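Taking it in order: structure first as structure tokens, then the write-up.
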Amino acid sequence: MKIFNRAKGALGERLALKYLRKHKFKILEKNYSCPVGEADIIAKNNGMLVVVEVKSRTTLEFGRPAEAVDNIKQRKLQNIALFYQKKKHLFNMPVRFDVVEVLDTEINHIENAF
């Protein structure tokens, strides 16, 4: 089951990257890992740093994919963004947190998800 979930997640991330590039996002990092945790995608769009969490599911049996981005994950992504801003000296760049839901191959991009 874990192998299937990993493959599903990797496919979801590829689809999200394709979607974001098509919509003029400049991809800065994929699977960015730091001492605080991991962010699926870090991009730049309209002068903003955008931290993107990709959630993939094949059915709605357990709810919408974005519902899995709970308060704990949100805080972790916020801390990752702070770490990234400090490391890259992007102190004055505003940050936005998006979620890209992949349901089968359908993409739902939620800007300013939290």
Side-chain angles (χ1 to χ4, degrees):
M1 192 64 141
K2 278 191 174 196
I3 292 171
F4 174 73
N5 286 339
R6 214 172 301 138
K8 180 176 53 174
L11 173 62
E13 287 181 19
R14 284 194 306 274
L15 292 171
L17 283 165
K18 183 178 178 181
Y19 171 91
L20 292 170
R21 286 185 179 117
K22 180 180 174 186
H23 288 86
K24 309 294 185 227
F25 283 71
K26 180 181 180 196
I27 306 302
L28 303 174
E29 306 281 347
K30 297 179 270 188
N31 298 312
Y32 176 74
S33 188
C34 69
V36 181
E38 185 180 312
D40 293 329
I41 300 168
I42 297 178
K44 200 163 137 180
N45 182 255
N46 296 325
M48 296 188 94
L49 187 66
V50 184
V51 179
V52 182
E53 178 69 9
V54 180
K55 287 296 180 189
S56 303
R57 293 204 174 148
T58 52
T59 71
L60 292 174
E61 181 180 353
F62 299 106
R64 300 263 345 150
E67 293 171 8
V69 185
D70 60 13
N71 290 335
I72 293 168
K73 183 64 176 182
Q74 290 174 19
R75 278 194 300 278
K76 185 171 276 201
L77 291 169
Q78 290 165 343
N79 288 329
I80 292 167
L82 284 171
F83 184 92
Y84 187 81
Q85 281 182 299
K86 287 177 186 174
K87 184 173 181 165
K88 300 293 183 174
H89 304 284
L90 301 171
F91 306 109
N92 295 324
M93 185 176 281
V95 180
R96 186 178 84 210
F97 298 91
D98 292 3
V99 174
V100 173
E101 293 183 315
V102 180
L103 186 58
D104 257 345
T105 56
E106 176 190 323
I107 305 275
N108 180 32
H109 179 197
I110 305 165
E111 291 186 20
N112 258 336
F114 57 92

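One-based numbering along the sequence shown. These values consider heavy atoms only, across backbone and side chains, with no hydrogens, waters or symmetry-generated copies. Everything numeric here is computed off the predicted structure, so don't read it as measured data.
Smallest separation of non-hydrogen atoms from Pro94 and Gly47: CD-O, 3.8 Å. What you find for Gly12 and Ser56 is that their closest heavy atoms are CA-OG, 3.3 Å.
With hydrophobic clusters built from ILVMFWY side chains whose heavy atoms lie under 4.5 angstrom apart, Ile80 does not share a cluster with Leu17. Hydrophobic clustering of Ile, Leu, Val, Met, Phe, Trp and Tyr side chains at less than 4.5 Å, counting indirect connections, unites Phe83 with Phe97. Note on Leu11 and Val54: same hydrophobic cluster, where clusters join Ile, Leu, Val, Met, Phe, Trp and Tyr whose side-chain heavy atoms are under 4.5 Å apart, directly or indirectly. Val50 and Ile107 fall within the same hydrophobic cluster, defined by Ile, Leu, Val, Met, Phe, Trp and Tyr side-chain heavy atoms under 4.5 Å apart, directly or through other members. Cluster membership for Val95 and Tyr32, using ILVMFWY side-chain heavy atoms within less than 4.5 angstrom, is shared.
The closest side-chain heavy-atom distance from Leu20 to His109 is below 4.5 Å. Put simply, the side chain of Asn31 reaches to within 4.5 Å of the side chain of Asp40, judged on heavy atoms. Contact check for Tyr84 versus Val51: no side-chain heavy atoms found under the 4.5 Å cut-off.
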(request) Under the side-chain contact (heavy atoms from CB on, under 4.5 Å) rule, what do Val99 and Val52 come out as? Steps first, then yes or no, please. (result) CA-CA 5 Å; Val99 174; Val52 182; over 6 Å; no
(request) Using the side-chain contact (heavy atoms from CB on, under 4.5 Å) rule, take Ile41 and Glu13 through it: C-alpha gap first, then chi angles, then the decisive distance, then the call. (result) CA-CA 8 Å; Ile41 300 168; Glu13 287 181 19; 5.5 Å; no
(message) For Arg96 and Glu111: C-alpha separation, side-chain torsions, deciding distance, then whether salt bridge (Lys or Arg N to Asp or Glu O under 4.0 Å) applies.
(response) CA-CA 8 Å; Arg96 186 178 84 210; Glu111 291 186 20; 3.8 Å; yes
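No donor-acceptor distance shorter than 3.5 angstrom exists from the side chain of Asn79 to the backbone of Val36, with no hydrogens or angles considered. For the pair Gln85 (side chain) and Leu90 (backbone), a donor-acceptor distance under 3.5 Å is present. Judged purely by atom type and a 3.5 angstrom limit, Glu101 uses its side chain to pair as donor or acceptor with the backbone of Ala66.
Annotation: the span from Ile72 atom CD1 to Gln74 atom CD amounts to 10.5 Å, rounded to 0.5 Å. Considering NZ of Lys88 and CE of Met93, their distance stands at 12.0 Å, rounded to 0.5 Å. If you take CG on Leu103 and CZ on Arg57, they are separated by 9.0 Å, rounding to the nearest 0.5 Å. Put simply, CG on Asp98 and CD1 on Ile110 are 9.0 Å apart, with the number rounded to the nearest 0.5 Å. Here Arg75 contributes atom CZ and Asp70 contributes atom CG; the two are 8.0 Å apart, rounded to the nearest 0.5 Å. A distance of 6.5 Å separates CG in Leu28 from CG in Leu49, rounded to the nearest 0.5 Å.
The local environment of NZ in Lys76 is sparse, with at most 12 non-hydrogen atoms from other residues, nucleotides or ligands closer than 6.0 Å. The environment of CZ in Phe91 is crowded: more than 12 heavy-atom neighbours from other residues, nucleotides or ligands sit within 6.0 Å.
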